[in-house]
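Right, one structure below, let's go through it.
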2 protein chains.
Amino acid sequence: MIDREGPVPPYRQIANALRARIASGEIPPGRRIPSLVELEDEFGVARDTLRKAVQVLKDEGLVETVTGMGIYVVQPDNAPSGG
Amino acid sequence: MIDREGPVPPYRQIANALRARIASGEIPPGRRIPSLVELEDEFGVARDTLRKAVQVLKDEGLVETVTGMGIYVVQPDNAPSGG
DNA sequence: TCTTATTTGTGCGTATGTATC
DNA sequence: TGATACATACGCACAAATAAG
């Protein structure tokens, strides 16, 4: 799942994978993405790595984190699309 | 924000900047300094560098780390002034 | 209110590889 | 060779918010 030989670091690969799921509608707006524990299990990486991957998506405005709840896909209404 | 040309290494500059905020009262005793993530964003340096900067302030007794909470400005009451 | 479970937030310590001075 | 810095990654401990009972 994660290619540790290539030039793309794991945290970027994970960010890309999650972004693809969001873009494809697999994880629609308002929905939660898998928890860090589940992602740990799925990708076989440390939380630190997931934290960085999530940070990338947060930076892009694709997701938002809520302590005690999870990480949610930002809805178009909430998206900073300039309006 | 960080001068990478001068003789003062970034971790020292950051330590100085934080020390100034504490001295000026911008971050009063008992208050938390920005998290490492926020400082990463603000200064544009690696976590490794931030941790060294914080270590300087800890060495000076200006701040204390509380696990799971953050890094706090030491209160005069708690200062190791010999009491 | 308290306990239990889940989930994110925050920092510590450590390690590897690369690069500059 | 050493200090400094960046990028990446793993494992660990503890705190806070949320949810359910």
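To find a chain, count down the sequence lines: A is the first, B the second, and so on, and within it residues start at 1.
The shortest side-chain heavy-atom distance between B:Pro34 and B:Ile27 falls under the 4.5 Å cut-off. Side-chain contact between A:Val45 and A:Met1 is absent, with no heavy atoms from C-beta onward closer than 4.5 Å. Contact annotation: the side chain of A:Val56 approaches that of A:Glu60 to within less than 4.5 Å [non-hydrogen atoms, C-beta and beyond].
In the set C:dT10, C:dT7, C:dG11, C:dG11 carries the atom at the smallest distance from any side-chain atom of B:Ile71. Candidate nucleotides C:dG11, D:dA5, C:dT10 were compared by shortest atom distance to the side chain of B:Arg47, and C:dG11 ranks first. In the set C:dG9, C:dT8, D:dC14, C:dT8 carries the atom at the smallest distance from any side-chain atom of A:Leu36. The A:Lys52 side chain lies nearest to D:dT8 when the options are D:dT8, D:dC10, D:dA16. Side chain of B:Thr67, nearest nucleotide from C:dT10, D:dC14, D:dC10: D:dC14. Each of C:dT10, C:dT8, D:dA5 was ranked by its minimum atom distance to the side chain of B:Pro9; first place goes to D:dA5.
With the nearest nucleotide of DNA chain C identified for both A:Asp48 and A:Lys58, A:Lys58 has the one nearer the 5' end. With the nearest nucleotide of DNA chain D identified for both A:Met69 and B:Pro10, B:Pro10 has the one nearer the 5' end. Between B:Val8 and A:Ala46, the residue anchored closer to the 5' end of DNA chain D is B:Val8, taking for each the nucleotide with the nearest heavy atom.
In the hydrophobic cluster analysis, where Ile, Leu, Val, Met, Phe, Trp and Tyr join through side-chain heavy atoms closer than 4.5 angstrom, B:Ile2 is grouped together with B:Ile33.
If you measure from atom CD1 of A:Ile2 to atom C1' of D:dT8, you get 13 Å, rounded to the nearest angstrom. Distance, A:Glu5 CD to D:dT8 P: 17 Å, rounded to whole Å. With rounding to whole Å, A:Leu57 atom CG is found 15 Å from C:dT8 atom C1'. The nearest whole Å value for the distance from the CG atom in A:Leu50 to the C1' atom in C:dG9 is 14 Å. Per the geometry, CD belonging to A:Glu64 stands 11 Å off P belonging to C:dG9, to the nearest Å. As rounded to whole Å, 12 Å separates atom C1' of C:dT10 from atom CD of B:Glu40. Rounded to a whole Å, the CZ atom of A:Arg32 is 15 Å from the P atom of D:dT18.
The residue A:Arg12 sits apart from the nucleic acid: no heavy atom pair falls under 4.0 Å. As judged by a 4.0 angstrom heavy-atom cut-off over every strand, B:Arg4 is placed among residues touching the sugar-phosphate backbone only. A:Val66 comes within 4.0 angstrom of sugar-phosphate atoms only, judged by non-hydrogen atoms across all strands, and of no base. Backbone-only engagement by B:Val45 is indicated by non-hydrogen atom pairs under 4.0 Å involving sugar-phosphate atoms exclusively.
Here the shortest heavy-atom pairing between B:Leu50 and B:Leu36 reads CD1-O, 3.4 Å.
Checked for salt-bridge contact, A:Glu42 and A:Arg21 meet the test: a charged N lies under 4.0 Å from a carboxylate O.
On a pure distance criterion of 3.5 Å, no polar donor-acceptor pair joins the side chain of A:Arg51 and the base of C:dG9.
Between A:Thr65 and C:dG9 there is a side-chain polar atom (N or O) within less than 4.0 angstrom of OP1 or OP2. For D:dT8, the OP1/OP2 oxygens have a side-chain nitrogen or oxygen of A:Tyr11 closer than 4.0 Å. For D:dC10, the OP1/OP2 oxygens have a side-chain nitrogen or oxygen of A:Thr49 closer than 4.0 Å.
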